[in-house]
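What follows is a set of notes on a single structure, which appears directly below.
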Amino acid sequence: VNLSATFQNHTFANPLMNASGVHCYTTTQLDELLASSAGTLVTKSATMAYRQGNPKPRYRSLALGSINSMGLPNEGLPYYLDYVLAKQTQADVPTLFLSVAGISMQEDLDMLAQVDQSDFNGFTELNLSCPNVPGKPQVAYDFEATEKMLDSAFKLFHKPLGVKLPPYFDLAQFDIVAKILNQYPLAYINTINSVGNGLYIDVDSETVAIKPKGGFGGLGGAYVLPTALANVHAFRQRLNDSIAIIGTGGVQTGADVFAHILAGADLVQVGTQLAKDGPDVFARLTQELSDVMAQKDYHNLSDFKNNLKEL
Ligand SMILES: C=Cc1c(C(=O)O)[nH]c(=O)[nH]c1=O
(Lines give C-alpha, C1' and ligand atoms only; values in the text may rest on other atoms or scores of the structure.)
Protein backbone atom coordinates (compact mmCIF):
# COMPACT_ATOMS: atom_id res chain seq x y z
CA VAL A 1 0.00 0.00 0.00
CA ASN A 2 1.34 3.39 -1.03
CA LEU A 3 0.23 6.35 1.13
CA SER A 4 2.05 9.04 -0.81
CA ALA A 5 -0.07 12.12 -1.43
CA THR A 6 0.39 14.62 -4.24
CA PHE A 7 -0.81 18.17 -3.58
CA GLN A 8 -0.30 20.95 -6.14
CA ASN A 9 2.83 19.24 -7.55
CA HIS A 10 4.26 18.59 -4.10
CA THR A 11 4.55 15.02 -2.81
CA PHE A 12 4.11 13.96 0.82
CA ALA A 13 4.88 10.55 2.34
CA ASN A 14 1.26 10.40 3.47
CA PRO A 15 -1.81 12.69 3.50
CA LEU A 16 -1.78 13.38 7.25
CA MET A 17 -0.80 16.52 9.14
CA ASN A 18 -1.80 18.51 12.23
CA ALA A 19 -4.59 21.06 12.22
CA SER A 20 -3.39 24.60 12.91
CA GLY A 21 -3.62 25.41 16.59
CA VAL A 22 -2.85 21.91 17.82
CA HIS A 23 0.69 20.89 18.84
CA CYS A 24 2.18 23.71 16.75
CA TYR A 25 2.59 26.73 19.04
CA THR A 26 6.32 26.28 19.85
CA THR A 27 9.29 25.22 17.70
CA THR A 28 9.67 22.23 20.06
CA GLN A 29 6.13 21.07 19.23
CA LEU A 30 6.71 21.70 15.53
CA ASP A 31 9.92 19.64 15.63
CA GLU A 32 7.98 16.83 17.34
CA LEU A 33 5.54 16.86 14.41
CA LEU A 34 8.44 16.64 11.94
CA ALA A 35 9.84 13.71 13.94
CA SER A 36 6.44 11.96 13.86
CA SER A 37 4.81 9.97 11.05
CA ALA A 38 2.89 13.04 9.89
CA GLY A 39 3.34 13.86 6.20
CA THR A 40 3.87 17.56 6.94
CA LEU A 41 2.76 20.31 9.37
CA VAL A 42 1.08 23.70 9.66
CA THR A 43 2.07 26.36 12.19
CA LYS A 44 -0.26 27.95 14.72
CA SER A 45 -2.19 30.80 13.07
CA ALA A 46 -0.11 33.93 13.58
CA THR A 47 -0.90 37.58 14.11
CA MET A 48 1.84 40.10 13.32
CA ALA A 49 2.90 40.41 16.96
CA TYR A 50 2.86 38.06 19.99
CA ARG A 51 -0.63 37.57 21.35
CA GLN A 52 -1.51 36.18 24.78
CA GLY A 53 -4.98 34.92 23.88
CA ASN A 54 -7.98 34.32 26.11
CA PRO A 55 -7.94 33.49 29.85
CA LYS A 56 -7.62 29.82 30.83
CA PRO A 57 -9.14 27.25 30.93
CA ARG A 58 -9.62 27.83 27.22
CA TYR A 59 -9.35 24.25 25.86
CA ARG A 60 -11.14 21.17 27.14
CA SER A 61 -10.92 17.65 25.80
CA LEU A 62 -14.34 15.95 26.03
CA ALA A 63 -15.66 12.41 25.61
CA LEU A 64 -17.03 13.24 22.15
CA GLY A 65 -14.38 15.75 21.08
CA SER A 66 -13.17 19.14 22.27
CA ILE A 67 -14.21 22.72 22.88
CA ASN A 68 -11.84 25.70 22.62
CA SER A 69 -11.75 29.44 22.82
CA MET A 70 -7.99 29.99 22.73
CA GLY A 71 -8.34 33.53 21.37
CA LEU A 72 -5.53 33.29 18.85
CA PRO A 73 -2.55 33.03 21.23
CA ASN A 74 0.70 32.91 19.23
CA GLU A 75 4.34 33.97 19.23
CA GLY A 76 3.90 36.38 16.32
CA LEU A 77 4.53 35.91 12.58
CA PRO A 78 8.34 36.35 12.68
CA TYR A 79 8.65 33.36 15.06
CA TYR A 80 6.83 31.01 12.69
CA LEU A 81 8.27 32.48 9.49
CA ASP A 82 11.79 32.09 10.90
CA TYR A 83 10.96 28.45 11.71
CA VAL A 84 9.73 27.47 8.25
CA LEU A 85 12.55 29.40 6.53
CA ALA A 86 15.16 27.55 8.60
CA LYS A 87 13.48 24.15 8.14
CA GLN A 88 12.97 24.40 4.40
CA THR A 89 16.74 24.47 3.84
CA GLN A 90 17.16 21.08 5.58
CA ALA A 91 17.11 17.76 3.73
CA ASP A 92 14.18 15.37 4.23
CA VAL A 93 11.84 18.15 5.40
CA PRO A 94 8.53 18.17 3.48
CA THR A 95 6.96 21.31 2.04
CA LEU A 96 5.53 23.15 5.04
CA PHE A 97 2.37 25.18 5.72
CA LEU A 98 2.33 28.59 7.45
CA SER A 99 -0.96 29.89 8.88
CA VAL A 100 -1.85 33.59 9.27
CA ALA A 101 -4.92 35.00 11.00
CA GLY A 102 -4.95 38.77 11.36
CA ILE A 103 -7.62 40.39 13.52
CA SER A 104 -8.23 42.85 10.70
CA MET A 105 -8.05 42.69 6.93
CA GLN A 106 -5.16 45.14 7.01
CA GLU A 107 -3.21 42.91 9.39
CA ASP A 108 -3.81 39.94 7.09
CA LEU A 109 -2.51 41.97 4.12
CA ASP A 110 0.52 43.19 6.07
CA MET A 111 1.41 39.60 7.00
CA LEU A 112 0.88 38.30 3.48
CA ALA A 113 3.14 41.06 2.16
CA GLN A 114 5.85 40.06 4.64
CA VAL A 115 5.60 36.39 3.67
CA ASP A 116 5.54 37.26 -0.03
CA GLN A 117 8.82 39.15 0.30
CA SER A 118 10.44 36.19 2.07
CA ASP A 119 12.02 33.06 0.56
CA PHE A 120 9.27 30.83 1.98
CA ASN A 121 8.65 28.03 -0.54
CA GLY A 122 5.69 26.33 1.14
CA PHE A 123 1.95 26.96 1.36
CA THR A 124 0.45 29.94 3.18
CA GLU A 125 -2.93 29.41 4.85
CA LEU A 126 -5.12 32.48 5.31
CA ASN A 127 -7.41 31.72 8.24
CA LEU A 128 -10.79 33.31 7.55
CA SER A 129 -12.61 31.41 10.27
CA CYS A 130 -11.32 32.03 13.78
CA PRO A 131 -14.48 31.93 15.94
CA ASN A 132 -12.87 32.99 19.20
CA VAL A 133 -11.66 36.59 18.96
CA PRO A 134 -14.32 38.40 21.01
CA GLY A 135 -16.06 41.01 18.91
CA LYS A 136 -14.62 39.67 15.65
CA PRO A 137 -17.06 37.72 13.45
CA GLN A 138 -15.68 34.90 11.32
CA VAL A 139 -14.73 36.63 8.07
CA ALA A 140 -15.86 33.71 5.89
CA TYR A 141 -19.44 34.05 7.11
CA ASP A 142 -19.45 37.54 5.54
CA PHE A 143 -19.37 36.81 1.80
CA GLU A 144 -18.68 40.42 0.78
CA ALA A 145 -15.76 40.72 3.22
CA THR A 146 -14.38 37.40 1.95
CA GLU A 147 -14.46 38.63 -1.66
CA LYS A 148 -12.79 41.94 -0.69
CA MET A 149 -10.15 40.05 1.30
CA LEU A 150 -9.30 37.71 -1.58
CA ASP A 151 -9.30 40.55 -4.15
CA SER A 152 -6.72 42.43 -2.05
CA ALA A 153 -4.73 39.31 -1.12
CA PHE A 154 -4.17 38.18 -4.70
CA LYS A 155 -3.12 41.69 -5.72
CA LEU A 156 -0.05 41.49 -3.48
CA PHE A 157 0.59 37.77 -2.79
CA HIS A 158 2.33 35.63 -5.43
CA LYS A 159 3.06 32.42 -3.55
CA PRO A 160 0.69 29.42 -3.18
CA LEU A 161 -2.23 30.49 -0.97
CA GLY A 162 -4.98 28.49 0.72
CA VAL A 163 -7.89 29.59 2.89
CA LYS A 164 -9.16 28.01 6.14
CA LEU A 165 -12.95 28.03 6.06
CA PRO A 166 -15.58 27.64 8.76
CA PRO A 167 -18.26 24.99 8.33
CA TYR A 168 -21.31 25.91 6.23
CA PHE A 169 -24.66 24.26 6.81
CA ASP A 170 -26.78 25.29 3.83
CA LEU A 171 -26.48 24.01 0.24
CA ALA A 172 -27.19 27.50 -1.12
CA GLN A 173 -24.23 28.78 0.92
CA PHE A 174 -21.97 26.11 -0.61
CA ASP A 175 -23.04 27.44 -4.04
CA ILE A 176 -22.41 31.08 -3.10
CA VAL A 177 -19.04 30.47 -1.42
CA ALA A 178 -17.79 28.13 -4.16
CA LYS A 179 -18.72 30.73 -6.79
CA ILE A 180 -16.61 33.31 -4.94
CA LEU A 181 -13.65 30.97 -4.41
CA ASN A 182 -13.61 29.83 -8.05
CA GLN A 183 -12.80 33.41 -9.09
CA TYR A 184 -9.31 33.16 -7.53
CA PRO A 185 -6.14 31.16 -8.23
CA LEU A 186 -6.28 29.48 -4.83
CA ALA A 187 -3.91 26.59 -4.22
CA TYR A 188 -6.43 25.01 -1.85
CA ILE A 189 -9.18 25.36 0.68
CA ASN A 190 -9.00 23.82 4.15
CA THR A 191 -12.39 22.78 5.44
CA ILE A 192 -13.52 22.81 8.24
CA ASN A 193 -12.43 24.98 11.13
CA SER A 194 -14.06 24.19 14.47
CA VAL A 195 -17.86 24.40 14.61
CA GLY A 196 -18.12 27.81 16.21
CA ASN A 197 -19.65 28.72 19.53
CA GLY A 198 -20.87 25.48 20.93
CA LEU A 199 -21.65 25.31 24.67
CA TYR A 200 -20.58 22.30 26.74
CA ILE A 201 -22.33 21.99 30.10
CA ASP A 202 -21.07 19.85 32.99
CA VAL A 203 -24.27 18.74 34.75
CA ASP A 204 -22.60 17.68 38.01
CA SER A 205 -21.02 21.08 38.63
CA GLU A 206 -23.73 22.94 36.67
CA THR A 207 -21.01 24.97 34.98
CA VAL A 208 -19.51 25.52 31.53
CA ALA A 209 -16.20 23.91 30.48
CA ILE A 210 -14.08 26.91 29.46
CA LYS A 211 -13.62 30.43 30.89
CA PRO A 212 -13.75 32.73 27.84
CA LYS A 213 -17.01 33.95 26.31
CA GLY A 214 -19.20 32.44 29.06
CA GLY A 215 -18.17 28.95 27.94
CA PHE A 216 -18.94 29.33 24.23
CA GLY A 217 -16.22 27.78 22.04
CA GLY A 218 -15.37 25.99 18.83
CA LEU A 219 -16.22 22.28 18.71
CA GLY A 220 -13.91 19.60 17.34
CA GLY A 221 -13.64 15.82 17.35
CA ALA A 222 -16.38 13.22 16.83
CA TYR A 223 -19.03 15.93 17.19
CA VAL A 224 -18.05 17.44 13.84
CA LEU A 225 -17.11 14.53 11.51
CA PRO A 226 -20.34 14.47 9.42
CA THR A 227 -20.22 18.26 9.05
CA ALA A 228 -16.57 18.14 8.00
CA LEU A 229 -17.23 15.39 5.43
CA ALA A 230 -20.19 17.32 4.03
CA ASN A 231 -18.09 20.47 3.57
CA VAL A 232 -15.22 18.54 1.95
CA HIS A 233 -17.60 16.79 -0.47
CA ALA A 234 -19.78 19.84 -1.23
CA PHE A 235 -16.76 21.94 -2.14
CA ARG A 236 -15.13 19.11 -4.12
CA GLN A 237 -18.32 18.93 -6.21
CA ARG A 238 -18.33 22.72 -6.76
CA LEU A 239 -14.73 23.96 -6.93
CA ASN A 240 -12.47 24.04 -10.00
CA ASP A 241 -10.16 21.03 -10.16
CA SER A 242 -7.23 23.46 -9.84
CA ILE A 243 -8.19 24.13 -6.21
CA ALA A 244 -7.06 21.30 -3.90
CA ILE A 245 -8.88 20.43 -0.66
CA ILE A 246 -7.55 19.75 2.82
CA GLY A 247 -10.13 17.88 4.90
CA THR A 248 -10.15 18.74 8.59
CA GLY A 249 -12.53 17.71 11.35
CA GLY A 250 -13.49 14.67 13.37
CA VAL A 251 -10.63 12.29 12.47
CA GLN A 252 -10.15 9.64 15.17
CA THR A 253 -9.28 6.54 13.10
CA GLY A 254 -7.84 5.45 9.76
CA ALA A 255 -11.37 4.85 8.55
CA ASP A 256 -12.16 8.53 9.19
CA VAL A 257 -9.12 9.51 7.14
CA PHE A 258 -10.36 7.15 4.39
CA ALA A 259 -13.79 8.83 4.52
CA HIS A 260 -12.30 12.32 4.12
CA ILE A 261 -10.35 11.18 1.04
CA LEU A 262 -13.41 9.37 -0.35
CA ALA A 263 -15.28 12.68 0.06
CA GLY A 264 -12.59 14.43 -1.99
CA ALA A 265 -9.83 15.52 0.39
CA ASP A 266 -6.25 15.59 -0.96
CA LEU A 267 -4.69 15.99 2.51
CA VAL A 268 -6.27 15.36 5.93
CA GLN A 269 -5.63 17.28 9.15
CA VAL A 270 -5.97 16.05 12.71
CA GLY A 271 -6.65 18.39 15.65
CA THR A 272 -8.62 17.07 18.64
CA GLN A 273 -7.26 13.52 18.40
CA LEU A 274 -3.70 14.90 18.16
CA ALA A 275 -4.36 16.96 21.30
CA LYS A 276 -5.54 13.76 23.05
CA ASP A 277 -2.90 11.28 21.84
CA GLY A 278 0.12 13.43 20.92
CA PRO A 279 2.19 13.07 17.71
CA ASP A 280 2.21 9.24 17.97
CA VAL A 281 -1.36 9.48 16.65
CA PHE A 282 0.10 9.79 13.14
CA ALA A 283 1.81 6.37 13.34
CA ARG A 284 -1.53 4.81 14.35
CA LEU A 285 -3.57 6.67 11.71
CA THR A 286 -1.18 5.86 8.85
CA GLN A 287 -1.20 2.19 9.91
CA GLU A 288 -4.99 2.11 10.16
CA LEU A 289 -5.42 3.88 6.82
CA SER A 290 -3.15 1.41 5.07
CA ASP A 291 -5.02 -1.49 6.74
CA VAL A 292 -8.34 -0.17 5.42
CA MET A 293 -6.87 0.27 1.95
CA ALA A 294 -5.35 -3.23 1.99
CA GLN A 295 -8.67 -4.80 3.04
CA LYS A 296 -10.31 -3.09 0.06
CA ASP A 297 -7.45 -3.99 -2.28
CA TYR A 298 -6.56 -0.32 -2.95
CA HIS A 299 -2.89 0.45 -3.57
CA ASN A 300 -2.86 4.25 -3.92
CA LEU A 301 -4.95 7.14 -2.60
CA SER A 302 -6.01 7.85 -6.19
CA ASP A 303 -7.73 4.45 -6.29
CA PHE A 304 -10.54 5.82 -4.10
CA LYS A 305 -10.09 9.63 -3.78
CA ASN A 306 -13.32 11.55 -4.43
CA ASN A 307 -15.00 8.23 -5.26
CA LEU A 308 -17.93 8.47 -2.84
CA LYS A 309 -20.89 6.53 -4.16
CA GLU A 310 -24.50 7.72 -3.94
CA LEU A 311 -27.49 5.44 -3.49
C1 LIG B 1 -6.98 31.13 14.84
C2 LIG B 1 -7.88 31.04 15.81
C3 LIG B 1 -8.65 29.83 16.08
C4 LIG B 1 -8.83 29.39 17.37
C5 LIG B 1 -8.32 30.13 18.56
O6 LIG B 1 -7.13 30.51 18.58
O7 LIG B 1 -9.18 30.33 19.45
N8 LIG B 1 -9.58 28.27 17.63
C9 LIG B 1 -10.15 27.56 16.61
O10 LIG B 1 -10.83 26.53 16.85
N11 LIG B 1 -9.99 27.96 15.33
C12 LIG B 1 -9.25 29.07 15.01
O13 LIG B 1 -9.15 29.38 13.80
Side-chain angles (χ1 to χ4, degrees), residues 17-26 29-30 41-62 64-77 79-80 97-105 107-108 111-112 124-142 145-146 149 162-168 188-200 208-225 227-228 231 246-251 269-276:
M17 61 189 290
N18 68 299
S20 180
V22 183
H23 211 94
C24 58
Y25 182 99
T26 64
Q29 289 177 322
L30 291 163
L41 63 75
V42 58
T43 57
K44 167 65 186 172
S45 292
T47 42
M48 191 60 97
Y50 165 82
R51 189 178 154 87
Q52 188 179 25
N54 291 338
K56 297 178 180 175
R58 58 194 187 183
Y59 182 94
R60 285 285 300 281
S61 184
L62 305 166
L64 297 179
S66 65
I67 187 166
N68 92 84
S69 185
M70 310 302 285
L72 199 42
N74 72 95
E75 291 294 317
L77 178 63
Y79 179 91
Y80 300 105
F97 289 71
L98 175 75
S99 176
V100 296
I103 55 171
S104 69
M105 185 166 114
E107 186 176 26
D108 275 329
M111 288 193 284
L112 289 176
T124 301
E125 183 163 291
L126 178 59
N127 184 344
L128 299 178
S129 46
C130 179
N132 301 321
V133 178
K136 288 284 168 191
Q138 295 176 81
V139 175
Y141 283 153
D142 177 339
T146 300
M149 177 74 243
V163 287
K164 180 74 174 280
L165 298 174
Y168 298 97
Y188 71 95
I189 67 163
N190 180 347
T191 180
I192 60 174
N193 206 319
S194 53
V195 172
N197 296 299
L199 181 63
Y200 181 84
V208 301
I210 53 175
K211 188 174 177 67
K213 293 171 50 180
F216 284 72
L219 300 177
Y223 289 123
V224 311
L225 181 61
T227 297
N231 278 261
I246 298 182
T248 303
V251 170
Q269 293 186 347
V270 185
T272 298
Q273 204 58 45
L274 169 59
K276 291 181 183 209

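Numbering of ligands and ligand atoms starts at 1, following listing order.
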Check each heavy atom of [X] against ligand 1 and say whether those closer than 4.0 Å belong to the side chain, the backbone, both or neither.
X: N127; value: side chain
X: N68; value: side chain
X: K44; value: side chain
X: S20; value: neither

Between [X] and [Y], is any side-chain donor less than 3.5 angstrom from a side-chain acceptor?
X: N18; Y: Q269; answer: no
X: N68; Y: N132; answer: yes
X: E75; Y: Y25; answer: yes
X: N74; Y: S45; answer: no
X: N54; Y: K213; answer: no

*Hey, does the side chain of T47 reach the backbone of A49 with a donor-acceptor pair shorter than 3.5 angstrom?*
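Yes.
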*Sole candidate of N231, N127, L165, V224 that passes side-chain contact (heavy atoms from CB on, under 4.5 Å) when paired with N193*: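 That would be N127; it is the only one of N231, N127, L165, V224 passing the side-chain contact (heavy atoms from CB on, under 4.5 Å) with N193.
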*Check N190, T146, D142 against L128 for a side-chain contact (heavy atoms from CB on, under 4.5 Å) and give me the one that passes.*
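Of N190, T146, D142, side-chain contact (heavy atoms from CB on, under 4.5 Å) with L128 is met by T146 alone.
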*Less than 3.5 Å between some nitrogen or oxygen of G71 and one of ligand 1, yes or no?*
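N/O-N/O distance below 3.5 Å exists for this pair.
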_For ligand 1 and M70, I'd like to know whether there is a polar contact (N/O to N/O, distance under 3.5 Å)._
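Among all N and O atoms of M70, at least one is under 3.5 Å from an N or O of ligand 1.
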*asked:* Measuring from atom 1 (C) of ligand 1, which candidate in V22, I67, L72 has the nearest non-hydrogen atom?
replied: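 Minimum heavy-atom distance to atom 1 (C) of ligand 1 goes to L72.
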*Can you tell me the protein heavy atom closest to atom 11 (N) of ligand 1 and the distance?*
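So the nearest neighbour among protein heavy atoms is N193 OD1, 2.8 Å.
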*Please report which non-hydrogen protein atom sits nearest to atom 2 (C) of ligand 1, along with the residue it belongs to and the distance in Å to one decimal place.*
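Here the nearest protein heavy atom works out to C130 SG, 2.6 Å.
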Under a 4.0 angstrom heavy-atom cut-off, which atoms of ligand 1 come close to [X]?
X: S194; value: 9 (C), 10 (O), 11 (N)
X: P131; value: 9 (C), 11 (N), 12 (C)
X: S45; value: 1 (C)

_In this structure, does ligand 1 have an atom that sits under 4.0 Å from one of the heavy atoms of G217?_
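It does not; every heavy atom stays at 4.0 Å or beyond.
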*Does at least one non-hydrogen atom of G218 fall below 4.0 angstrom from an atom of ligand 1?*
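It does not, in that no heavy atom of G218 comes within the 4.0 Å cut-off of ligand 1.
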_Residue R51 excluded, over 12 heavy atoms near CZ under 6.0 Å_ =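 Atom CZ in R51 is crowded, with more than 12 foreign heavy atoms closer than 6.0 Å.
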